Amino acid sequence: MAGTDHLAAARVLGLRRHRLLWRHVLPNIAEPLLLAVTTAAGTALVALSGLSFLGLGVQPPGYDWGQLLNQGLDRIYAQPLPALAPGLAVLYAAVTFQLIGEVLAGSAARRSPAPRSTPQPVAPWGSPRPKAGGGPAEEGLVLQVEDLSVELPTPDGTIRPVRGVSLSLRSGEIVGLVGESGSGKSLTALAIADLLPGRARVSRRTLRLLGADLAAMTPKERDRHLATGLAVVFQNPATALNPSLRVSTQLTETVRAHRGADRTRAAQDASDALRRVALPPAVLRSRPHQLSGGQRQRVMIASGLMVRPRLVIADEPTTALDVTVQRQITGLLSDLRRDTSAAVLFISHDVALVGGFCDRVLVMYAGTVVEALPADRLLTARHPYTRALVASVPDLTADRDRPLPTVPGAPPDPLVTAPGCPFEPRCPRRQDRCAEQPPPMEALDAVHRVACWLPLPAEAVAS
């Protein structure tokens, strides 16, 4: 359970360990735990009585039901009550323990606790958001990442799924992060949100959120800064929401923990957040399993809105949804950007979706960013890998008798570190230099950068 998405979402909110245990772990295990405890108690009672009946348990002058049953068995025909009464008592006690467990487990399943905190004034929706951190390091810059790398130790060796990633987002900007599965997109997002497992090693030259250097903060300061300045929307809303808690509890938890809101104010903010994602306030009384996939994803976005974040990381939020709901979710993120000026880092493997939704696109391959360009230039991409991704998107005018184009080959083994360009084995334009030296990220113009020794000519791509 420690690796589930809803616990990761709670960690994004900066909740402390005792709060995670009390609110997100215990409610999920309370029912089977209570049943197991009461069943074990009844079993232990029967076992101890059985040992005493055989003369291996309680010895005279002490006594228990098992010993009384043994003593009464000798005269059961003359006086049956002394023998039957202890046996019925053992049976009654065992059944009682089981029934008590059922009652307690049922109460735990229906219980929906709410945290208590000292009430403090909370700004209503539409009012200026309180500043977090020390302000942007540059004008309008929300996120600044330079040379981010992640190492994960495995039994077969250490792998580096993220290698020297640099990116930045400005206020009100939507940036797409695309690439094949395993290219390091999600791990990059988890490293930014400080959600990587404890065994992971993260290094970076710069990691600033809202102008504040996260490396210079204490763990408590960093957790609070991330919880109030950043929101994460996970890929699978069914696992990102706690199945044992009502929607109202999960939405109000953040503002009550970090803003000190009372229950009434938190409930009002939750209703407003649901309206912003086109859901009625009645959803607050529902549990996640009672909602559709699209509704659950809207609830996830509403949960992020509760702290009025300046940065939203959407980690493939539309992958598990149908095309119609995908359009609704991307529309909600666009409205969020327009209404709050929040920056959005949109992670996806769908190049067509990113091209029509984002302002800029970063293309990742084998843990590195190989091309950064405006979304409207995807059709004239210069890197062979980006061009292959764009060519693999189905087109209504394509010849149906021909197979869909794909990127030939397979991604490189993360355990094997090649000296040259990671895309070289799959690249149709590879040369000897590509296998010997990794290409640096170079600017083609003010808004277009590419890491390739032989970038495709713009004329060839556009033709």
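Just so you know, these numbers come straight off a predicted model, no measurement behind them. Residue indices begin at 1 and follow the sequence shown.
Residue R327 qualifies as open at atom CZ: its count of foreign heavy atoms under 6.0 Å is 12 or below. In R205, the CZ atom is crowded: over 12 heavy atoms of neighbouring residues, nucleotides or ligands sit closer than 6.0 Å.
Using modelled atom types, one finds no donor on one side chain facing an acceptor on the other under 3.5 Å when comparing E371 with Y385.
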Steps toward side chain to side chain contact (heavy atoms under 4.5 Å, CB included) verdict (R204, V145) = CA-CA 8 Å; R204 67 275 188 185; V145 179; 5.6 Å; no

Test D223 against D194 for side chain to side chain contact (heavy atoms under 4.5 Å, CB included), laying out the working first.
-> CA-CA 8 Å; D223 291 345; D194 196 22; 4.2 Å; yes

Dump the intermediate steps for side chain to side chain contact (heavy atoms under 4.5 Å, CB included) on R208 and E146, then the final yes or no.
-> CA-CA 9 Å; R208 292 180 176 273; E146 295 180 2; over 6 Å; no

Could you check D269 against R265 for salt bridge (charged side-chain N to carboxylate O under 4.0 Å, His left out), going step by step and ending with a plain yes or no?
-> CA-CA 6 Å; D269 283 354; R265 166 54 65 184; 3.6 Å; yes

Quick one: do L311 and L169 satisfy side chain to side chain contact (heavy atoms under 4.5 Å, CB included)? Show the steps, please.
-> CA-CA 9 Å; L311 172 64; L169 279 81; 3.9 Å; yes

Please report, to 0.1 Å, the donor-acceptor pairs under 3.5 Å made by any side chain of residues 405-416, with sequence neighbours excluded.
residue : atom : partner : partner atom : Å
D413    : OD1  : L415    : N            : 3.0

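Judged as a side-chain contact (heavy atoms from CB on, under 4.5 Å), and not counting sequence neighbours, the contacts of A41 are F97. For the ring-ring contact (aromatic ring centres under 6.0 Å, His included) test, residues two or more places apart in sequence or in another chain that qualify with F346 are F357.
Residue pairs that meet the side-chain hydrogen bond (donor to acceptor under 3.5 Å, both in side chains) test with at least one member in residues 154-169, sequence neighbours left out, are S149-R160. Within the structure, salt bridge (charged side-chain N to carboxylate O under 4.0 Å, His left out) contacts touching residues 352-369 (residues at least two apart or in different chains) are E173-R360, R337-D359. Sorted by first and then second residue, the side-chain hydrogen bond (donor to acceptor under 3.5 Å, both in side chains) pairs involving residues 347-358 (not counting sequence neighbours) are E316-H349.
Looking at heavy atoms from C-beta onward, V277 lies in side-chain contact with L305 at the 4.5 angstrom threshold.
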